[in-house]
Amino acid sequence: MRLASWNVNSIRARIDRVIAFLDRANVDVLAMQEIKCRPDQFPTERFTAAGYEVACHGLHQYNGVAIASRVGLADVAESFPGQPSFAKAGEEGVVEARALGAMCGDVRVWSVYVPNGRTLDDPHYAYKLEFLRALARAAGPWASEGPIALVGDWNVAPLDTDIWSLDAPEAATHVARDAREALAAIERAGLEELSRRYLPEPHTYTFWDYQQLRFPRGEGMRIDFAYASPALASRARAAAIDRAERKGAGASDHAPVMVDFVDAPGSVVP
DNA sequence: ATGACTTGGACACCAAGA
């Protein structure tokens with residue numbers, strides 16, 4: 001099974017590229033982030049025509065996550081247990097559309113979009129830390145349950161070599177010690193990050209800002225990752241970052257991250 | 001080379017991203 005994760009930065013603006021990518025990269029399951037629409041606006045029929053089932057969770061033009069699968073899609077869950085809400089000043093808290101889980105074949109796949117954080121003194125930054133900590137708590141029991149993948153846009157650059165410049169002001173929320181610590185809790189919960197296993201080269205990026213010619217200058221960040229439980233990590237064989245998807249007109253600012261898994265030992269291929 | 005980000009919503013500006 002080939003599993004891909006991609007912050008598409010609007011599924012409606014990116015649908016042609018996404019469908020072409022599924023075919024070109026031979027993707028079985030695609031976890032999307034930042035779909036930027038509600039379910040009634042999601043181009044479901046384009047995925048159906050390509051042979052994929054779709055689940056999506058979106059509240060409005062911000063955030064939003066989805067999963068497309070051609071190996072089955074069942075037991076869909078919006079938000080993870082204990083997912084924190086965010087309250088704008090003077091408003092009720094809202095559990096934002098940042099996590100979606102589904103059974104895809106025998107793998108439980110979660111598409112995750114961690115809050116950006118904006119700036120270190122912004123309420124969104126505390127929200128980001130709480131989101132990561134709550135997800136690590138939820139993932140603790142999952143790690144020993146079976147094949148589970150947590151993939152998405154984590155908005156944290158764990159290593160100094162995961163970013164072109166530690167001094168970029170927009171990077172502060174992605175390299176801060178407590179942000180990195182909050183992400184490390186996911187690994188301490190027993191999950192392994194698989195893109196790093198196969199792609200350890202420093203300055204291997206998954207995101208390049210639209211501004212300041214970041215992509216042509218090679219100035220990016222590595223913030224998209226694929227975590228897996230031991231039962232799934234043992235079945236991983238390869239990973240790739242599809243840098244080509246950042247090229248050309250109409251590209252997302254993120255590239256897809258892909259991981260290949262072999263079938264479980266003893267599984268029967270229908 | 002004298003450039004300068006993209007998206008969606010209500011609107012020709014703004015919030016949000018990172």
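Here is how names work: the chains are called A, B, and so on, in the same order as the sequence lines, proteins then strands, and each is numbered from 1.
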Euclidean distance, atom CD1 of residue A:Ile11 to atom P of B:dT6 [Å, nearest integer]: 18 Å
Pairwise P distance for B:dT2 and B:dC13, with rounding to whole Å: 26 Å
Test: A:Arg222 cationic atom under 6.0 Å from A:Tyr205 six-membered ring centre, within 45° of axis: no
Results of ring pair (Phe, Tyr, Trp, His ring centres under 6.0 Å) for A:Trp142 - residues two or more places apart only: A:Trp110
Sugar-phosphate only, base, or nothing, as touched by A:Arg38 at under 4.0 Å among non-hydrogen atoms: nothing
Sugar-phosphate only, base, or nothing, as touched by A:Gln33 at under 4.0 Å among non-hydrogen atoms: nothing
Of A:Leu213 and A:His60, the one whose closest DNA chain B nucleotide lies more 5': A:Leu213
Side chains of A:Ile67 and A:Val54 in contact at under 4.5 Å (non-hydrogen atoms): no
Contact state string [nucleotides 11-18 of chain B, B base, S sugar-phosphate only, - no protein heavy atom under 4.0 Å]: ----BSBB
Distance, P atom - from B:dC5 to B:dA10, rounded to whole angstrom: 26 Å
Side-chain donor-acceptor contacts of residues 168-176 of chain A below 3.5 Å, not counting sequence neighbours, with atom names and distances?
residue: A:His174; atom: NE2; partner: A:Asn155; partner atom: OD1; Å: 3.0

Whole-angstrom distance between B:dA18 and B:dA12, as gauged at atom C1': 26 Å
A:Glu91 atom CD, over 12 foreign heavy atoms within 6.0 Å: yes
Touch class at under 4.0 angstrom, heavy-atom based, for A:Arg12 against every strand present: sugar-phosphate
Between B:dG3 and B:dT7 - P atom distance, rounded Å: 22 Å
Whole-Å gap separating P (B:dT6) and CH2 (A:Trp208): 16 Å
A:Arg180 with A:Asp160: basic N within carboxylate O range, under 4.0 Å: yes
